[in-house]
Structure formats: structure tokens, C-alpha cells
Amino acid sequence: MPGLADLLAGPVLEVAPRLLGAVVRHRTRDGDVAVRLTEVEAYDGDQDPGSHAYRGRTPRNAVMFGPAGHAYVYFTYGMHHCMNIVCGQDDRASAALLRAGEVVEGLDLARVRRNGIRDRDLARGPARLCSALAITLSDNGAHLERGPLTLELTSPLGSEQIRTGPRVGLRHAADRPWRFWQTGDPTVSTYRPAKALPR
DNA sequence: CGACCGATTTGCT
DNA sequence: GCAAATCGGTCGT
């Protein structure tokens, strides 16, 4: 049967919505926390001005140029981590940013890590998600099949369960509707557009 | 080597 | 609604 990397090796615009509902689990000394993904964004490598890989390979983004099925983690704003799942073909340098999710395991541990924030907000936002899962730069490049950081795909959501819209916080290519989220889910980040798309 | 920027969150107004 | 916090990556001098 096909491995995770094979499933993630398709075009990122097809893989990203496929990730909605999938579960990311991180095992640490303190225990396990798992998050069900409710919001992701697609970044399409060398053809995408919004992608870290747009200006070519650097030590930071090298993982994006490798095979699908690995985590690309970067540090930003001097204090936050964000996690992507590398997908697409090798050297395509495409990835899906994990923007939000629902904590489905290790709720108590996630509450401690997030220091009293409401359960709904534990992983609502890309840096919050990394905080709840205790993702750091040491997880950059990690295989998502072998652990301690894993991705478990679930059956795809129906098209009526998926909404799309512009990506968040980009200076360029802000017009491309490459953000995907689960319809009406309360854990989707607050930057969702004011008006929902027609049912 | 120095300057500037960023796929953000939080807290205060 | 807005600005501070804070630092690695990238690029220009």
C-alpha cells in the first residue's frame, strides 16, 4: 500500500485540502498531544511569490526542497514557530502551512503549555498550534511517519465541508485563494473572512 | 558586518 | 484597533 510520502507527493493544491481532518501527534517526555487539522495554507515553491522557497534554496528552507512527508519548521517574529508539511514532488519545494486545529488528545498537557487559554483557542493560529504541540526548530526535517512527530491521514472531507479563501499576512500573491479550512469549525483562526462563501 | 523584514500573538486602549 | 515584543534569515555595503 502507498506510504504517507506517496499520498503527499501530489500537487500541493490538491494535498492541502486533503489534510483537513488529518491528525498531527507529537510525543514528548511530558506526554502526547494530538491535533485534528481544521485550517491549512498551500505554498507552491518556486512559482509562488509567497513561499519561503520562491527565492531559491537556503539553509533555512532546504527541507522544502526534499521529499514529501517531512516537517518544515521555521522561527518567526523572534518568538514563534510555524510548521509546514512538505508535499509535492522532490525539488518542487511546495508545502502546506498548518494554521489551526482542534486538540483531540492530551488536552490537559496542551492547556498547561498554553497557560490557561480557552480550549477552542489552544491551536487556533499557526504559532499557537506549534505551542500546543511543543513544535520547535529541533523538529525541522522530521519524518512524519516514524515519530515522535506523526501525521495520520483520515478520510477526506466532503467538498461542502471545505471553504477556501486568500492566505493570511502575505505581501505578494495575496489574491490566490490557497487557504483551506473546515466549514464553520470554531477552531479556525480569527483571520477568516467576514463573509462566508455560499453554501 | 549591519539593517531590515517577517506565513504572529498578545495585551492594552 | 494598534503597537510592542524579539531574533534568525536574507540581502546589501
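From a predicted model like this one, the values you see are computed outputs, not experimental measurements. Letters go in sequence order (proteins before strands), and every chain restarts at 1. Excluded from the calculations below are hydrogen atoms, water molecules and symmetry mates; all remaining heavy atoms, backbone and side chain alike, are included.
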Novice: When you measure from the side chain of A/Phe75, which nucleotide among C/dT10, B/dT9, C/dG8 comes out closest?
Specialist: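 The answer is C/dG8, which lies nearest to the side chain.
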Novice: Rounded to whole angstrom units, what separation is found between the CG atom of A/Asn61 and the P atom of B/dG6?
Specialist: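 After rounding, the reported distance stands at 16 Å.
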Novice: Nearest to the A/Ile117 side chain among B/dT10, B/dA7, C/dC7, which nucleotide is it?
Specialist: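 The answer is B/dT10.
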Novice: For C/dT10, does either OP1 or OP2 sit under 4.0 Å from a side-chain N or O belonging to A/Thr58?
Specialist: yes
Novice: Tell me: CZ of A/Arg128 to P of B/dG11, nearest whole Å?
Specialist: 10 Å
Novice: Check whether any side-chain heavy atom of A/Arg163 sits under 4.5 Å from a side-chain heavy atom of A/Pro177, and report yes or no.
Specialist: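 Not touching, per the 4.5 Å side-chain cut-off.
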Novice: How close or far is atom C1' of B/dA7 from atom CG of A/Leu98, stated in whole angstroms?
Specialist: 11 Å
Novice: Whole Å only: how far is the CG atom of A/Leu122 from the P atom of B/dT9?
Specialist: 13 Å
Novice: Is any side-chain N or O of A/Tyr77 under 3.5 Å from a base N or O of C/dA5, one able to act as donor and the other as acceptor?
Specialist: no
Novice: OP1, OP2 of C/dT6 versus side-chain N and O of A/His80: anything below 4.0 Å?
Specialist: no
Novice: To the nearest Å, give me how far apart CE (A/Met83) and C1' (B/dT8) are.
Specialist: 18 Å
Novice: Which atom pair, heavy atoms only, marks the closest approach of A/Ala42 to A/Phe180?
Specialist: CB-CE1, 4.3 Å
Novice: Can you figure out which of B/dT10, B/dA7, C/dG8 approaches the side chain of A/Ser51 most closely?
Specialist: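 Looking only at side-chain atoms, A/Ser51 lies closest to B/dA7.
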Novice: For atom OH of A/Tyr54, decide whether the heavy atoms of other residues, nucleotides or ligands shown that lie under 6.0 angstrom number more than 12.
Specialist: no
Novice: What is the base-pairing partner of B/dA3, counting Watson-Crick and G-U wobble geometry with both distances under 3.5 Å?
Specialist: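 Per the H-bond distance test, C/dT10.
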Novice: If you check every side-chain atom of A/Arg114, which of B/dA7, B/dT10, C/dT10 has the closest atom?
Specialist: B/dT10
Novice: Can you check the A/Arg55 CZ to C/dT10 P distance for me, whole Å?
Specialist: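 Taking atom P of C/dT10 as the reference, CZ of A/Arg55 is at 11 Å.
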Novice: Which is true for A/Arg167 with a 4.0 Å heavy-atom rule: it touches a base, it touches only sugar-phosphate, or it touches nothing?
Specialist: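 Nothing, no nucleic acid heavy atom in range.
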Novice: Could you tell me the separation between the CE atom of A/Met79 and the P atom of C/dT6, rounded to a whole number of Å?
Specialist: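 After rounding, the reported distance stands at 6 Å.
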Novice: By the 4.0 Å heavy-atom rule, please label A/Gly50 as base, sugar-phosphate, or nothing.
Specialist: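 It contacts base atoms.
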Novice: Is it possible for you to check whether A/Arg167 lies under 6.0 Å from the centre of the six-membered ring of A/Tyr43, through NZ or CZ, and within 45° of that ring's axis?
Specialist: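 So A/Arg167 does make the cation-pi contact.
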Novice: Which heavy atom in A/Ala110 sits nearest to a heavy atom in A/Leu122, and how many Å separate them?
Specialist: O-CD2, 3.9 Å
Novice: Please measure how far the P atom in B/dC5 lies from the corresponding atom in C/dA3, and state the result in whole Å.
Specialist: 16 Å
Novice: How close or far is atom P of C/dG8 from atom CZ of A/Arg60, stated in whole angstroms?
Specialist: 12 Å
